[in-house]
Amino acid sequence: MRLEALARAAIADALKRLAPSASREDIPLERPEKLEFGDISSRIAFTLAKELKRPPQAIAQDLAAAVSHPAFEKAVAAGGFLNLHVRPEALREILREILSEGESYGDWSLGGGKPLQVEFVSSNPTGPLTVGHGRQAALGDALANLFSALGWEVTREYYLNDEGRQIELLARSLWARYRQALGEEVPIPEGGYHGDYLVPIGEELAREWGDKYPEWTPAAAEAFRRVAVERMMGMIHEDLAAIGVSFDVWSREGDLHRRGLVWEVFEALREKGAVYEKDGAYWMKSTAYGLSRDPVLIRSDGTPTYLMVDIAYHVDKYRRGFVKVIDVQGADHVEEQQQVKLALRILGYPEEFLDYCVHQFVTLKGREGIEKMSTRAGRFLRLKDLVDELGRDVVRYFMVRRRPGAHLVFDLELAKKTSMENPVYYVQYAHTRIASIFREAEKIGEPVTRDALRMTDLSPLEDPDELALIKELDRFPDVVRKAAESYGPHLLCEYLEELAGIFHPYYNRVRVLGQGEATPARLALLLALKTVLAKGLSLLGVSAPEVM
RNA sequence: GCGCCCGUAGCUCAAUUGGACAGAGCAUCGGCCUUCGGAGCCGAGGGUUGGGGGUUCGAGUCCUCCCGGGCGCACCA
């Protein structure tokens, strides 16, 4: 039983004897930062004060006196808090349980195998992925991993928008590059794509097709659109492969149209009275529901807008059976998100069905001219180039280390360093060091397998750092859960750095091998630590190397 | 102007969603190179949490008003 469960049992028991009427299931628990406040504490006395009509301090004192549980050596009341001090034996028992769970330690069954979708990246095929998309790729993949760990059946989905005006502009830009390759002075169209990446493709088409498309005709538009999308998707796949993200489902806007879903959903909105006609177009009455603007759903030329299709797409997600959908999107889409959520509400879908994980943008520090990125202007750093330069692990880790809602300053000089300034190496190195100890241990015949170590005598574990490590390991499942539910993989980074931060000094101070009975006990602790480090890193999509 | 997000050590960021004296890393300064990997370890200084008011036992966290920044405000996606 983990520390939380033990504390809950101990406090509930005391409460039952002290004030049966006030007994409750939800006992608030915290991990105090200061050692003097014990190993786990509760502010329950504050919550009971009103009900019992007594000051929190008095309640805490009575509870402290009433706590009697084998896992805790003492209970102390301090300023209304109830602080519990755990017995080392109880911690060792926890370690034994962690070892028994092995690699599944940290998993939950909260999701009950229900289908959950994480949609992320979903970049339009108008260019390769930039470092900005990299944040989304790392974030979305980590969230998908985390929700898998919570027990959901997770689908990673990429929504591919391969039609519309932007694609038209891309095709036109590519055609311009093609004409330029044939020696003609054709400018990139207004609002078109200026990036260099279209130049070699234009040259290639010039060689292949010669002067087949001298004018921008419907036939040319069709041909260039097809090639452009195909080639851009090729680049996007290269970028995704570089950062190691793969998707289960690629959905295309065109499919939604073909199935008639867009119009069906539009009619449903109209039946709800949420649509009106003006200037030949159909608008959604969003301002009537408190939003700042009424958006167009159907243009005056009769074609649906991106928003309309997006609403239909989410209806489609619901019909496909997802119980929960998380869309990872940049901060520039907030209004769109409000509109989609509103439409789903009007249509009667459950409020919790759709959630957005909104992230702020990435700015690059240390390279001139690309601080402010723009795919259209051709001013960006390609994701694949960044990964080739720094390595997948560094890019992934840096991208998820910050709270999604905060701006991310990606310091290129820092990321390049292989010293302790670089937190990803700090964590990985802890794992590597443990792996190294195990290689040595095996050579000298110490027990190294999980089966052997979980049966070993753990009583030699009494060093404060050893007990602190067990307490941290005990927290791991809660960190996984919170990182998932708050859409904050950075919490996992923080936790792993904390673990490594206890281990490194310990390693420096305490020898593991050749210490008699202490050796197998320490190996048991380190095996659990190694397992948790590896699992935590893998949830972030980062490797846990045996050697570095 | 309106909507959303953000402002925490010199820098980059946390803070168990309202809890105890606001924590890390980097940078700065000073130590540790004979044993399992030095990509490491130990120590020191550094703060009116942008500012004012409010809510309560208790506020970085909630409400309000300023100041400063980002994003959006298309019959683009």
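In this text, all values refer to a predicted model and were calculated from it rather than measured experimentally. Sequence lines set the chain letters: A, B, ... in the order given, protein chains first and strands last, and positions in each chain run from 1. Scope of the values below: all heavy atoms of this structure, side chains included, with no hydrogens, waters or symmetry mates.
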Exercise for the section: For residues A/F37 and A/F81, establish whether the separation of their ring centroids is below 6.0 Å. Expected result: no

Practice task
Please tell me which of the listed nucleotides, B/C42, B/C75, B/A39, lies nearest to the side chain of A/W283?
Solution key: B/C75

Handout entry: Whole-Å distance separating the CG atom of A/L291 from the P atom of B/G3
Key = 12 Å

Handout entry: Distance, rounded to the nearest Å, where A/Y426 contributes OH and B/C13 contributes P
Key = 21 Å

Handout entry: Length of the line joining A/H333:NE2 and B/G72:C1', which is rounded to integer Å
Key = 10 Å

Exercise for the section: May I ask whether A/F37 stacks on the base of B/A20, given the cut-offs of 5.5 Å between ring centres and 30° between planes? Expected result: yes

Practice task
Under 4.0 Å between any heavy atoms, over every strand shown, what does A/R511 touch: base, sugar-phosphate, or nothing? Just pick one.
Solution key: base

Completion exercise
Any strand, both distances under 3.5 Å, Watson-Crick or G-U wobble: B/C57 pairs with B/G19

Practice task
Please give the nucleotide sitting opposite B/C32 as a Watson-Crick or G-U wobble pair, both distances under 3.5 Å, or none.
Solution key: B/G40

Problem - Check: A/E157/A/S251 side-chain N/O donor and acceptor closer than 3.5 Å - result: yes

Exercise for the section: Tell me what A/V424 touches on the nucleic acid: a base, only sugar-phosphate, or nothing, going by heavy atoms under 4.0 Å. Expected result: nothing

Practice task
Decide if the gap between the ring center of A/Y425 and the ring center of A/Y429 is smaller than 6.0 angstrom.
Solution key: no

Practice task
Give a yes or no on whether the backbone of A/A281 and the side-chain of A/D279 come within a donor-acceptor separation of less than 3.5 Å.
Solution key: no

Practice task
Round to a whole Å and report the spacing from CD of A/Q166 to P of B/C75.
Solution key: 14 Å

Sequence neighbours left out, cut at 3.5 Å: what donor-acceptor pairs do the side chains of residues 439-446 of chain A make with other protein atoms?
unit_1	atom_1	unit_2	atom_2	d
A/R439	NH1	A/E546	O	3.2
A/E440	OE2	A/K443	NZ	3.1

Practice task
Between B/A15, B/A20, B/G72, spot the one nearest the side chain of A/R403, thanks.
Solution key: B/A15

Handout entry: Sugar-phosphate, base or nothing in reach of A/R293, heavy atoms under 4.0 Å
Key = sugar-phosphate

Exercise for the section: Using only heavy-atom distances, determine whether the side chains of A/D294 and A/S286 contain a donor-acceptor pair under 3.5 Å. Expected result: no

Practice task
Would you kindly give the CZ-to-P distance between A/R433 and B/G37, to the nearest whole Å?
Solution key: 9 Å

Handout entry: A/Y282-A/F266 aromatic ring centre distance below 6.0 Å
Key = yes

Handout entry: Rounded C1' spacing from B/A27 to B/C67 in Å
Key = 29 Å

Exercise for the section: Report which part of the nucleic acid A/E36 touches: base, sugar-phosphate, or nothing (heavy-atom distance under 4.0 Å, all strands). Expected result: base

Exercise for the section: Please work out if A/R401 contacts a base, only the sugar-phosphate, or nothing of the nucleic acid, heavy-atom cut-off 4.0 Å. Expected result: nothing

Practice task
Can you measure from NE2 (A/H133) to CZ (A/F380) and round to the nearest 0.5 angstrom?
Solution key: 9.5 Å

Practice task
Would you classify A/P56 as touching base, sugar-phosphate or nothing, given that sugar-phosphate means primed atoms plus P, OP1 and OP2, and contacts are heavy atoms under 4.0 Å?
Solution key: nothing

Practice task
Indicate, with a heavy-atom threshold strictly under 4.0 Å, whether A/Q360 touches base, sugar-phosphate, or nothing.
Solution key: sugar-phosphate

Completion exercise
Of A/N161 and A/R439, the one whose closest nucleotide on RNA chain B sits nearer the 5' end is A/R439

Problem - Under 5.5 Å and under 30°: A/F81 stacked on B/A20 - result: yes

Exercise for the section: Answer yes or no: side-chain N or O of A/T305 and base N or O of B/A74 forming a donor-acceptor pair under 3.5 Å. Expected result: no

Exercise for the section: Please determine, for the side chain of A/H504, which listed nucleotide (B/A15, B/C41, B/G37) has the closest atom? Expected result: B/C41

Practice task
When you get a sec, tell me which of B/C75, B/A20, B/G3 is the closest nucleotide to the side chain of A/Q338?
Solution key: B/G3

Exercise for the section: Pick the C1' atom in B/C5 and in B/U61, then give their distance to the nearest Å. Expected result: 16 Å

Practice task
Remember a base hit wins even if backbone is also touched, and classify A/D310 as base, sugar-phosphate or nothing at under 4.0 Å, heavy atoms.
Solution key: nothing

Problem - Donor-acceptor pair (no angle test) under 3.5 Å: A/S300 side chain, B/C75 base - result: yes

Exercise for the section: Just call it for A/T432: base, sugar-phosphate, or nothing, with non-hydrogen atoms closer than 4.0 Å on any strand. Expected result: base

Completion exercise
Assigned chi class of B/U12 under the 90° convention is anti

Exercise for the section: From the options B/C71, B/C36, B/C73, select the nucleotide whose nearest atom is closest to the side chain of A/E335. Expected result: B/C73

Exercise for the section: Answer yes if the ring centres of A/H333 and A/Y356 are under 6.0 angstrom apart, and no otherwise. Expected result: no

Practice task
Would you check if there is a donor-acceptor pair between the side chains of A/Q166 and A/Y193 at a distance under 3.5 Å?
Solution key: yes

Handout entry: Touch class at under 4.0 angstrom, heavy-atom based, for A/V512 against every strand present
Key = base

Exercise for the section: Just call it for A/S41: base, sugar-phosphate, or nothing, with non-hydrogen atoms closer than 4.0 Å on any strand. Expected result: base

Exercise for the section: Can you figure out which of B/A39, B/C42, B/C36 approaches the side chain of A/P505 most closely? Expected result: B/C42

Handout entry: 5′-ward residue of the pair A/S292/A/E336 relative to RNA chain B
Key = A/S292

Completion exercise
Taken in chain and number order and not counting sequence neighbours, the residues that satisfy ring pair (Phe, Tyr, Trp, His ring centres under 6.0 Å) with A/Y487 are none

Exercise for the section: Grab the CD-C1' distance between A/Q136 and B/C71 for me, whole Å please. Expected result: 15 Å

Problem - Partner nucleotide of B/U12 by Watson-Crick or wobble geometry (both distances under 3.5 Å) - result: B/A24

Handout entry: A/F247 and A/Y158 aromatic ring geometry - parallel, tilted or perpendicular at 30°/60° bounds
Key = perpendicular

Practice task
Could you tell me whether A/F46 contacts a base, only the sugar-phosphate backbone, or nothing, with contacts defined as non-hydrogen atoms closer than 4.0 Å?
Solution key: base

Exercise for the section: Test for a donor-acceptor pair under 3.5 Å between the base of B/G19 and the side chain of A/R43, counting only N and O atoms. Expected result: yes

Exercise for the section: Write down the distance between CZ (A/R402) and P (B/G25), rounded to a whole number of angstrom. Expected result: 13 Å

Problem - Sugar-phosphate only, base, or nothing, as touched by A/D294 at under 4.0 Å among non-hydrogen atoms - result: nothing

Exercise for the section: Could you work out which one of B/C42, B/G37, B/G69 sits closest to the side chain of A/H407? Expected result: B/G69

Completion exercise
Expected list for residues 473-488 of chain A near RNA chain B, using heavy atoms below 4.0 Å, is A/K482, A/S486

Practice task
Please work out if A/A331 contacts a base, only the sugar-phosphate, or nothing of the nucleic acid, heavy-atom cut-off 4.0 Å.
Solution key: sugar-phosphate

Practice task
Quick one: look up who B/C73 pairs with, Watson-Crick or G-U, both distances under 3.5 Å, and put none if it's unpaired.
Solution key: B/G1

Problem - Nucleotide B/C32, atom C1' - distance to CZ of A/R509 in whole Å - result: 15 Å

Exercise for the section: Have a look at B/C57 and give me syn or anti from its glycosidic angle (syn if within 90° of zero). Expected result: anti

